[in-house]
Trainee: 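Here's a structure for you.
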Number of protein chains: 2
Amino acid sequence: MPRSAARPAARTLPSPDMLAEGAGAPPCSSDDLIELLFFAYRDFVGDPDRILAEYGFGRAHHRVLHFVDRYPGLTIAELLDILRITKQSLNRVLKDLIEQGYIAQKTGTSDRRQRLLYCTQTGAALAGDLTRVQTRRLTRALAAPAAAASPENFLLAMIEPDERAAVSRLMARRGQQGAA
Amino acid sequence: MPRSAARPAARTLPSPDMLAEGAGAPPCSSDDLIELLFFAYRDFVGDPDRILAEYGFGRAHHRVLHFVDRYPGLTIAELLDILRITKQSLNRVLKDLIEQGYIAQKTGTSDRRQRLLYCTQTGAALAGDLTRVQTRRLTRALAAPAAAASPENFLLAMIEPDERAAVSRLMARRGQQGAA
DNA sequence: GAAATATGTCAACGAAACTGACGTAATCGG
DNA sequence: CCGATTACGTCAGTTTCGTTGACATATTTC
């Protein structure tokens, strides 16, 4: 197995505690960043998911609601370009949001073919709740002095605190045991 | 609409060009980070997706292959804890990877109930290809002097270069036009 | 007036998650 | 040693959210 032999010797990941202190940026392979990005994103979308479930909505609804809230007057074409999905996919979730009163459409003024999208008050309130939990995680992560120092510290700080130790423990395992 | 009135005045996002120079870290709201994380992650998983499609695999296969490659001897239970999916979901993709010779199982020695997972040579090769494209993006992003300076610069640098301008243009729009 | 554009919609399909129930082999605890 | 627990596999059905392909309609543009 040539590839496993090519694995570099394990370098140390900053311990979770270091995030509290004003630690520097210890070396960290970009391989580690791949996983940290996975874990950070997993927890990052996990927060809003719990709220959305109460409304019977999913992540697709979240994305639409978020961008319409943040960029009022967005057209369908712009939204499609942002989300990179087909109009059929978009239409399914957009229809839900419109029918249930979270998003409203307005015919474009300069081009009457366009449907400009806006959040209703209810929609803006829900979008605000969703943004809040994500902002809370980000703010908490950025509050760690080490977080701004390096991408890996930032991503580690984005992970749910209870799970940071488990992630660090796992990542400390790389290249160890396990020969077939 | 109380919420839109509460929106802070638009602060400037670092321009895409600034990533090439040794720019400092201009202020950036955590609202911006939410979107940057979305765009960065979208492009980050887009690279391997193209390769996986050639093999008839999806992202679920990628995640399994990645963690088994990186942590040889991983058990099913550990993998379930990492991925946070049900064993039924895991089993579907794992079965594909085993049947097609990318992953092999070994009965645990200390506990014979466990199935220890290992990549075959073919599996390790594919995992390597997938890691390579993601590492390339990460390395390129980290090479930008400004990237290490702040999370927002790092995330912006992770976005596909061709699209950075479009993202910046979009984000510069916040709070502008669009009153109903 | 013809062509292109922006959007909506019907129908079928596929990937990848979910729930709930049940089976089997191995380990553990008394 | 036997019953309970654990680790894993599997059958069956459902949901979310993406896909393709085709076609309709209103509006703008040339």
Side-chain angles (χ1 to χ4, degrees), chain A residues 38 41-42 45-46 48-68 73-100 103-118, chain B residues 38 41-42 45-46 48-68 73-100 103-118:
Chain A
F38 167 77
Y41 199 80
R42 181 192 70 176
V45 296
D49 276 356
R50 275 168 235 124
I51 298 174
L52 290 157
E54 298 170 19
Y55 293 79
F57 291 145
R59 263 177 227 178
H61 298 89
H62 183 194
R63 291 193 280 262
V64 171
L65 190 62
H66 171 88
F67 284 103
V68 171
L74 215 55
T75 66
I76 301 289
E78 286 169 329
L79 201 42
L80 287 174
D81 186 56
I82 290 170
L83 300 176
R84 299 285 164 83
I85 57 175
T86 58
K87 62 178 170 179
Q88 294 89 331
S89 265
L90 172 58
N91 228 277
R92 183 161 10 91
V93 293
L94 185 55
K95 190 185 282 182
D96 290 343
L97 290 165
I98 291 172
E99 284 175 355
Q100 297 179 41
I103 287 182
Q105 304 205 25
K106 290 196 60 166
T107 300
T109 47
S110 60
D111 187 337
R112 292 171 43 80
R113 287 172 303 182
Q114 295 181 332
R115 302 297 146 88
L116 310 185
L117 302 171
Y118 297 92
Chain B
F38 167 77
Y41 199 79
R42 182 192 68 177
V45 297
D49 276 357
R50 274 168 236 125
I51 298 175
L52 290 157
E54 297 169 19
Y55 292 80
F57 290 146
R59 262 176 229 180
H61 298 91
H62 182 195
R63 290 194 281 262
V64 171
L65 190 64
H66 172 88
F67 283 104
V68 171
L74 214 55
T75 66
I76 301 288
E78 286 169 330
L79 202 43
L80 288 175
D81 186 55
I82 289 170
L83 302 176
R84 300 284 164 83
I85 56 175
T86 59
K87 62 177 169 179
Q88 292 90 331
S89 269
L90 172 58
N91 228 275
R92 182 168 13 91
V93 293
L94 185 55
K95 191 185 284 182
D96 291 343
L97 290 165
I98 290 172
E99 283 175 357
Q100 297 179 43
I103 286 181
Q105 305 204 21
K106 291 197 59 166
T107 300
T109 46
S110 61
D111 187 336
R112 292 171 42 81
R113 287 172 303 181
Q114 295 179 335
R115 303 297 148 87
L116 309 186
L117 301 171
Y118 298 91

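What you see is a predicted model, and the numbers here were worked out from it, not measured in a lab. Naming: A, B, ... by sequence-line order, numbering from 1 per chain.
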Trainee: Is there a side-chain contact between H61(A) and the phosphate of dC17(D), meaning an N or O under 4.0 Å from OP1 or OP2?
Mentor: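 Checking dC17(D) against H61(A), a side-chain N or O does come within under 4.0 Å of OP1 or OP2.
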
Trainee: Test L83(B) against F38(A) for side-chain contact (heavy atoms from CB on, under 4.5 Å), laying out the working first.
Mentor: CA-CA 9 Å; L83(B) 302 176; F38(A) 167 77; 4.1 Å; yes

Trainee: Ignoring the backbone of R59(A), work out which of dC17(D), dT7(C), dG9(D) is nearest its side chain.
Mentor: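 Minimum distance to the R59(A) side chain belongs to dC17(D).
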
Trainee: Nearest-Å distance, CZ (R115(A)) to P (dT25(D))?
Mentor: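 Going from R115(A) (CZ) to dT25(D) (P), I get 14 Å.
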
Trainee: dT6(D) P sits how many Å from E78(B) CD, rounded?
Mentor: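 About 17 Å, once rounded to whole Å.
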
Trainee: Grab the NZ-P distance between K95(A) and dT7(C) for me, whole Å please.
Mentor: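 Computing the K95(A):NZ to dT7(C):P distance gives 16 Å.
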
Trainee: Decide yes or no for T107(A) and L116(A): does some side-chain heavy atom of the first lie under 4.5 Å from some side-chain heavy atom of the second?
Mentor: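 With C-beta onward as the side chain, the pair stays apart.
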
Trainee: When the distance from CG of D49(B) to C1' of dG14(C) is rounded to whole Å, what number comes out?
Mentor: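 Going from D49(B) (CG) to dG14(C) (C1'), I get 15 Å.
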
Trainee: Quick one: closest heavy-atom pair of I85(A) and L80(A), and the distance?
Mentor: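 Looking at all heavy atoms of both residues, the shortest contact is O-CD2, 3.5 Å.
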
Trainee: Could you state the atom-to-atom distance from NZ of K106(A) to C1' of dT7(C) in whole Å?
Mentor: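 For the pair K106(A) NZ and dT7(C) C1', the rounded distance is 18 Å.
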
Trainee: Is there a side-chain polar atom (N or O) of Q105(A) under 4.0 Å from OP1 or OP2 of dA6(C)?
Mentor: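 So the side chain of Q105(A) is outside the cut-off, no N or O lying under 4.0 Å from OP1 or OP2 of dA6(C).
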
Trainee: What one-letter contact string describes nucleotides 18-23 of chain C from 5' to 3', where B marks a base within less than 4.0 Å of any protein heavy atom, S marks contact via sugar-phosphate atoms alone, and - marks no contact?
Mentor: BBBB--

Trainee: Run the side-chain contact (heavy atoms from CB on, under 4.5 Å) test on L94(A) and I76(A) for me, step by step, so that the C-alpha distance in whole Å, both residues' side-chain angles and the decisive distance to 0.1 Å come before the verdict.
Mentor: CA-CA 10 Å; L94(A) 185 55; I76(A) 301 289; 3.6 Å; yes

Trainee: In Å, rounded to the nearest 0.5 Å, how long is the span from CD of Q114(B) to CD of E78(B)?
Mentor: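 Q114(B) CD to E78(B) CD: 7.5 Å, rounded to 0.5 Å.
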
Trainee: Could you pull out the closest heavy-atom pair between V68(B) and L74(B), with the gap in Å?
Mentor: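 That closest heavy-atom pairing would be N-CD2, 4.4 Å.
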
Trainee: When you measure from the side-chain N and O atoms of N91(A) to the phosphate of dT7(C), is any distance below 4.0 Å, counting only OP1 and OP2?
Mentor: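 N91(A) to dT7(C) OP1/OP2: no side-chain N or O under 4.0 Å.
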
Trainee: Provide a list of protein-nucleic acid N or O atom pairs under 3.5 angstrom, restricted to nucleotides 28-30 of chain D.
Mentor:
unit_1	atom_1	unit_2	atom_2	d
dT28(D)	OP1	R112(A)	N	3.1

Trainee: Looking at R42(A) and I82(B), would you say the former's side chain and the latter's main chain have a donor-acceptor pair under 3.5 Å?
Mentor: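 Yes.
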
Trainee: Whole angstroms only, please: what is the CG-C1' distance between L90(B) and dG9(D)?
Mentor: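 Taking CG of L90(B) and C1' of dG9(D), I get 11 Å after rounding.
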
Trainee: Note the angle between the end axes of the helix from dG1(C)-dC30(D) to dG30(C)-dC1(D), five pairs defining each, rounded to 10 degrees.
Mentor: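 Here the helix ends are tilted 30° relative to one another.
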
Trainee: Once you round to the nearest 0.5 Å, how far does CD of Q100(A) lie from CD1 of I98(A)?
Mentor: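 If we round to the nearest 0.5 Å, Q100(A):CD and I98(A):CD1 are 11.0 Å apart.
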
Trainee: Show, in sequence, the C-alpha distance, side-chain angles and deciding distance for R115(B) and T75(B), and conclude whether the side-chain contact (heavy atoms from CB on, under 4.5 Å) test is met.
Mentor: CA-CA 6 Å; R115(B) 303 297 148 87; T75(B) 66; over 6 Å; no

Trainee: Whole-Å distance between dT19(D) P and L52(B) CG?
Mentor: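 Nearest whole value for this atom pair: 16 Å.
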
Trainee: Locate the shortest heavy-atom distance separating H62(B) from L52(B); write the atom from each residue and the value.
Mentor: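 Taking H62(B) first and L52(B) second, the nearest heavy atoms are CB-CD1, 3.5 Å.
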
Trainee: Assign each of L80(A) and R63(B) to its nearest nucleotide of DNA chain C by heavy atoms, then name whichever residue's nucleotide is nearer the 5' end.
Mentor: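 Upstream on the strand: L80(A).
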
Trainee: Backbone N or O of D81(B) within a donor-acceptor pair of the R84(B) side chain at under 3.5 Å?
Mentor: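 Checking the backbone N and O of D81(B) against the side chain of R84(B), a donor-acceptor pair under 3.5 Å is found.
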
Trainee: Below 4.5 Å, heavy atoms only, C-beta onward: do F57(B) and L65(B) meet side chain to side chain?
Mentor: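 No, their side chains stay 4.5 Å or more apart.
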
Trainee: What is the distance from CG of D96(B) to P of dG14(C), rounded to the nearest Å?
Mentor: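 In whole Å, dG14(C) P lies 15 Å from D96(B) CG.
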
